[in-house]
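As structure tokens, the structure follows; a few thoughts come after it.
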Amino acid sequence: MPELPEVEVTRMGVEQALLGATIEAVRMGKPLRWPLQVAPQRLVGQRIQSVQRRGKYMLLQLSQGVLLVHLGMSGSVRCATEVGEAGVHDHFDLFTTRGVLRLTDPRRFGAVVYAPHMDHPRVQQLLGHLGVEPLGDAFDAAYLHAALRGRSGSIKQVLLAGQVVVGVGNIYVSESLFRAGIHPLRQARRVARPRLERLVQAIREVLQRAIVLGGSSLRDFKGTQGGYGDFQHEALVYGRAGLPCVHCATPIRRVVQGQRSTFYCVRCQT
DNA sequence: CACGGATCCTGATGGC
DNA sequence: TGCCATCAGGATCCGT
């Protein structure tokens with residue numbers, strides 16, 4: 001589920017709720033994708049000094065280390081002063097002086113990983129290969145042009161892989177390519193420069209709009225206050241197979257690339 | 001090194 | 001109602 005907008009919405013909520021709080025207790029449920037890498041007790045007494053984001057990771061800077069939180073496909077984080085009894089899908093709780101952070105993740109593709117500092121090899125392992133931030137200054141057509149040179153894979157899959165640009169997941173990649181008029185099956189290196197300009201703009205606008213709307217809630221994503229995101233109502237192609245294209249009325253097509261659905265308009269996207 | 005495919009896990013949904 | 005197949009926001013690992 002969570003792509004960059006959902007993680008950013010989560011990050012802002014956690015920052016609002018728990019910045020400056022001190023961890024008092026930790027509860028862990030079933031194992032997530034990767035081990036925490038530290039005895040939970042070592043988190044106790046540490047203060048949450050900042051809440052940042054890198055790609056789809058949320059980074060909690062603690063007094064003596066960093067906590068990397070990934071929401072996987074089905075994760076969401078709730079912040080509250082009180083939470084009830086942990087349910088079967090609640091796999092990580094941080095009890096702090098300002099309230100509780102609870103990670104709920106039915107499929108358990110998410111992760112919470114601790115490292116003593118940002119230069120630690122584990123952090124490098126998880127974040128080191130990531131591409132540029134799509135909302136940052138480094139992401140422009142010149143960069144994309146250079147980064148896509150020699151890439152024979154489809155533009156959709158190259159963007160999704162996260163090594164060129166991060167945070168653009170399965171929903172927003174379809175939405176961005178539609179807005180840029182680029183066919184998702186086109187080889188990445190064959191996207192002409194003017195199209196790359198449009199693509200950069202489209203990715204930025206789609207992600208920013210999704211953040212404003214609180215992300216997309218296809219089924220289980222919720223913000224830290226428990227509310228749903230609304231971007232899915234503005235999706236122009238994602239999940240709209242067979243429905244008319246908003247520009248030309250041609251039925252939207254669904255294809256599968258790398259076991260993931262892609263939605264596009266055969267007429268508007270070339 | 002870049003690529004495509006299999007894989008982790010659980011729940012929702014739709015067809016019969 | 002039950003059963004089975006299919007699909008779901010991600011990212012890593014493993015061959016080629």
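Quick note: numbers below take in every heavy atom, side chains included, and nothing from hydrogens, waters or symmetry partners. What you see is a predicted model, and the numbers here were worked out from it, not measured in a lab. Letters A, B, ... are given to chains in the order of the sequence lines, protein chains preceding strands, and every chain is numbered from 1.
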Fill in: Candidate nucleotides C:dC7, C:dG10, C:dT12, ranked by approach to the side chain of A:Lys56 - the nearest
C:dG10
Worksheet entry | A:Arg189, CZ atom: more than 12 neighbouring heavy atoms under 6.0 Å | yes
Worksheet item: More than 12 foreign heavy atoms under 6.0 Å from OH of A:Tyr228: is that the case here?
Response: no
Worksheet item: For B:dT10, does either OP1 or OP2 sit under 4.0 Å from a side-chain N or O belonging to A:Lys30?
Response: yes
Worksheet item: A:Leu71 CG to C:dA8 C1': how many Å, rounded?
Response: 15 Å
Worksheet item: How many Å lie between CG on A:Leu68 and C1' on C:dG10, as a whole number?
Response: 16 Å
Worksheet item: Do any of residues 106-114 of chain A sit with a heavy atom less than 4.0 Å from DNA chain B, and if so which?
Response: A:Pro106, A:Arg107, A:Arg108, A:Phe109
Discussion item. Both A:Gln259 and A:Val158 contact DNA chain B. Which one's nearest nucleotide lies toward the 5' end?
Written reply: A:Val158
Item to complete: Please figure out whether A:Val88 or A:Arg33 has its closest DNA chain B nucleotide nearer the 5' end.
Response: A:Arg33
Discussion item. C:dA11, OP1 or OP2 - any side-chain N/O from A:Arg260 closer than 4.0 Å?
Written reply: no
Discussion item. Using atom P in both nucleotides, what's the gap between C:dT12 and B:dG11 to the nearest angstrom?
Written reply: 25 Å
Practice prompt. Could you check how far CG of A:Leu103 sits from C1' of B:dC9, rounded to whole Å?
Written response: 14 Å
Discussion item. Classify A:Tyr238 by what it touches in the nucleic acid, base, sugar-phosphate, or nothing, heavy-atom distance under 4.0 Å.
Written reply: sugar-phosphate
Discussion item. Using whole Å, what does the distance between atom P of nucleotide C:dG10 and atom CD of A:Glu6 come to?
Written reply: 9 Å
Worksheet item: What is the distance from CE of A:Met58 to C1' of C:dG10, rounded to the nearest Å?
Response: 16 Å
Worksheet entry | Opposite nucleotide pairing with B:dC9, Watson-Crick or G-U, both atom distances under 3.5 Å | none
Practice prompt. Please go through A:Leu126's hydrophobic cluster and name the other residues, only I, L, V, M, F, W, Y counting, with side-chain heavy atoms under 4.5 Å joining them.
Written response: A:Trp34, A:Tyr57, A:Leu59, A:Val66, A:Leu68, A:Val113, A:Met118, A:Val123, A:Leu127, A:Leu130, A:Val166
Practice prompt. Would you mind classifying the nucleic acid contact of A:Ser261 as base, sugar-phosphate or nothing, using non-hydrogen atoms under 4.0 angstrom?
Written response: sugar-phosphate
Worksheet item: Is it true that atom CZ of A:Arg42 has more than 12 heavy atoms of other residues, nucleotides or ligands lying nearer than 6.0 Å?
Response: no
Fill in: For atom CG of A:Leu126 and atom P of C:dG10, their distance in whole Å
17 Å
Worksheet entry | Euclidean distance, atom CG of residue A:Leu160 to atom P of C:dA8 [Å, nearest integer] | 13 Å
Worksheet item: Looking at C:dA8, C:dG10, B:dC3, which one has an atom nearest to any side-chain atom of A:Asn170?
Response: C:dG10
Worksheet item: Does OP1 or OP2 of B:dC9 have a side-chain N or O of A:His89 closer than 4.0 Å?
Response: no
Worksheet item: If you look at every heavy atom in A:Gln187 and A:Ser152, which pair is closest and at what distance?
Response: NE2-O, 3.2 Å
Worksheet, complete the sentence: Closest heavy-atom pair, A:Pro134 versus A:Leu4, reported as atoms and distance to 0.1 Å, is CG-CD1, 3.7 Å
Worksheet, complete the sentence: Heavy-atom closest pair (A:His183 atom, A:Ile155 atom, distance to 0.1 Å) is O-CG2, 3.5 Å
Item to complete: Search all heavy atoms of A:Ala86 against all heavy atoms of A:Asp93 and return the closest pair with its distance.
Response: CB-OD2, 4.3 Å
Response to the item:
In whole angstroms, the gap separating P of B:dT10 from CG of A:Leu218 amounts to 21 Å
Worksheet item: Looking at A:Ser152, does any N or O in its side chain come under 4.0 Å of the phosphate oxygens OP1/OP2 on B:dC3?
Response: yes
Worksheet item: Is any side-chain nitrogen or oxygen of A:Ser74 closer than 4.0 Å to OP1 or OP2 of B:dT10?
Response: no
Worksheet item: Heavy atoms under 4.0 Å, any strand shown: does A:His129 hit a base, just sugar-phosphate, or nothing?
Response: sugar-phosphate
Item to complete: On DNA chain C, check which nucleotide each of A:Arg254 and A:Gly258 is closest to and give me the residue with the more 5' one.
Response: A:Arg254
